[in-house]
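This report concerns only the one structure given below.
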Amino acid sequence: MIDHEKIEQAVRLFLEGIGEDISREGLAETPGRIARMCGELYGGMEEDASVHLKKTFHVDSSEMVIERDITFYSTCEHHILPFYGKAHIAYIPDGKVVGLSKLARTVEVYARRLQLQEQLTGQIADALMEYMQPKGALVLIEAEHMCMTMRGIKKPGSRTVTLAKRGVFETDASLEERFFRMLEMGSGPERTGR
């Protein structure tokens, strides 16, 4: 559970540590603002993905389902700076599907925590397998990391891509190829230029 009082104390110490005057007008309410923001940014720590994935619907089909371009914002646990981008999810149903919005909500559960992109990708894939029990799941995440663009090497526009495959996606390369073909079929002009 998020402790607003501790966050406010930490922010005051941080501001003093970088040489700021914490009594000046512009900063007087900053500790409280940051504490409230943390409730929003890290609310996924208190959420369980099963809440979103347990409501399923029966289907006779076992055709691939893809939800692409799910925008997310997360925070890198190494520098506590944002990383953000798009998640693309595919799964092969085994008699049941989930509402499409539930896939986006699952991404949010894991993105709203201190994270590593590699870990985020795997957590989403594992949640799909555990709670939906499909024949297979694949998660692809593309993200820009502020720890690389505004500090350190300072390379804006660089993107990190991670992939997690579970179930039949691990053993059937043609499914992965089909996923990428379907992903490109829906590409807009901003994607085809890469």
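- Sorted by first and then second residue, the pairs that involve residues 50-65 and meet salt bridge (charged side-chain N to carboxylate O under 4.0 Å, His left out), not counting sequence neighbours, are Glu63-Arg178.
- The closest side-chain heavy-atom distance from Val65 to Leu100 is below 4.5 Å.
- By the side chain to side chain contact (heavy atoms under 4.5 Å, CB included) test, Glu176 pairs with Leu138, Leu163, Lys165, Phe180, sequence neighbours left out.
- Contact annotation: the side chain of Ile89 approaches that of Ile124 to within less than 4.5 Å [non-hydrogen atoms, C-beta and beyond].
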Q: Take Ile141 and Val161 through the side chain to side chain contact (heavy atoms under 4.5 Å, CB included) test and state the conclusion after the steps.
A: CA-CA 6 Å; Ile141 292 182; Val161 179; over 6 Å; no
Q | Verdict with reasoning, Gln9 to Phe14, per side chain to side chain contact (heavy atoms under 4.5 Å, CB included) | A | CA-CA 9 Å; Gln9 290 171 358; Phe14 169 76; over 6 Å; no
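- Taking the side chain as every heavy atom from C-beta outward, Val139 and His88 never approach each other to under 4.5 Å.
- To the nearest 0.5 angstrom, Ser101 atom OG is 8.5 Å from Glu67 atom CD.
- In this structure Ser158 satisfies the side chain to side chain donor-acceptor pair (under 3.5 Å) test with no other residue, sequence neighbours excluded.
- Residues Thr71 and Lys86 have side chains that bring a donor and an acceptor to within less than 3.5 angstrom of each other.
- Side-chain contact between Met185 and Arg181 is absent, with no heavy-atom pair separated by less than 4.5 Å.
- Contacts of Arg12 classified as salt bridge (charged side-chain N to carboxylate O under 4.0 Å, His left out), with partners at least two apart in sequence or in another chain: Glu8.
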Q. Phe179 and Leu140: side chain to side chain contact (heavy atoms under 4.5 Å, CB included), yes or no, with the steps?
A. CA-CA 10 Å; Phe179 165 78; Leu140 174 74; 4.2 Å; yes
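- Among residues two or more places apart in sequence or in another chain, the side chain to side chain contact (heavy atoms under 4.5 Å, CB included) test is passed with Asp21 by Ser23, Arg24.
- Here ring-ring contact (aromatic ring centres under 6.0 Å, His included) pairs that include residues 23-56, with residues two or more places apart or in two chains, number zero.
- In this structure, the separation between CD on Glu108 and CD1 on Ile70 is 9.5 Å, given to the nearest 0.5 Å.
- Summarising the geometry of Thr106 relative to Ala49, their closest heavy-atom pair is CG2-CB, 4.2 Å, with the distance given to 0.1 Å.
- Legend: ring-ring contact (aromatic ring centres under 6.0 Å, His included) pairs involving residues 119-154, not counting sequence neighbours, sorted by first then second residue: Phe83-His145.
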Q.
Evaluate Met132 against Tyr91 for side chain to side chain contact (heavy atoms under 4.5 Å, CB included), listing each step before the verdict.
A. CA-CA 10 Å; Met132 291 177 57; Tyr91 70 95; 3.2 Å; yes
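- Other members of the hydrophobic cluster containing Met148, listed by chain and number, are Ile153; membership follows side-chain contacts under 4.5 Å among ILVMFWY residues, whether direct or relayed.
- Pairs passing the salt bridge (charged side-chain N to carboxylate O under 4.0 Å, His left out) check and including a residue from residues 110-137, sequence neighbours excluded, read Glu47-Arg112, Asp126-Arg166.
- Counting heavy atoms from C-beta outward, Arg68 and Met182 have side chains that stay 4.5 Å or more apart.
- Here CG of Leu103 is found 11.5 Å from CZ of Arg105. Values are rounded to the nearest 0.5 Å.
- Between the side chain of His58 and the main chain of Gly95, a donor-acceptor pair closer than 3.5 Å is present.
- Scanning for side chain to side chain contact (heavy atoms under 4.5 Å, CB included) contacts around Leu13 gives Glu16, with sequence neighbours left out.
- Residue Met37 qualifies as enclosed at atom CE: its count of foreign heavy atoms under 6.0 Å is above 12.
- Of the N and O atoms on the side chains of Gln117 and Thr162, at least one donor lies less than 3.5 Å from an acceptor on the other residue.
- Heavy atoms only, all atoms of each residue included: Ala35 and Ile7 are closest at CA-CG2, 3.6 Å.
- Residue Ser74 holds its OG atom at 9.0 Å from CG of Leu116, rounded to the nearest 0.5 Å.
- You'll find the side chain of Thr75 stays beyond 4.5 Å of the side chain of Gln115, heavy atoms only.
- Inter-residue side-chain proximity for Asp48 and Val109 is flagged as unmet; no heavy-atom pair is nearer than 4.5 Å.
- Put simply, the side chain of Met64 reaches to within 4.5 Å of the side chain of Leu175, judged on heavy atoms.
- Residues passing the side chain to side chain contact (heavy atoms under 4.5 Å, CB included) test with Lys96, sequence neighbours excluded: Thr56, Gln133.
- In the hydrophobic clustering, where aliphatic and aromatic side chains (Ile, Leu, Val, Met, Phe, Trp, Tyr) are joined below 4.5 Å either directly or transitively, Met129 stands alone.
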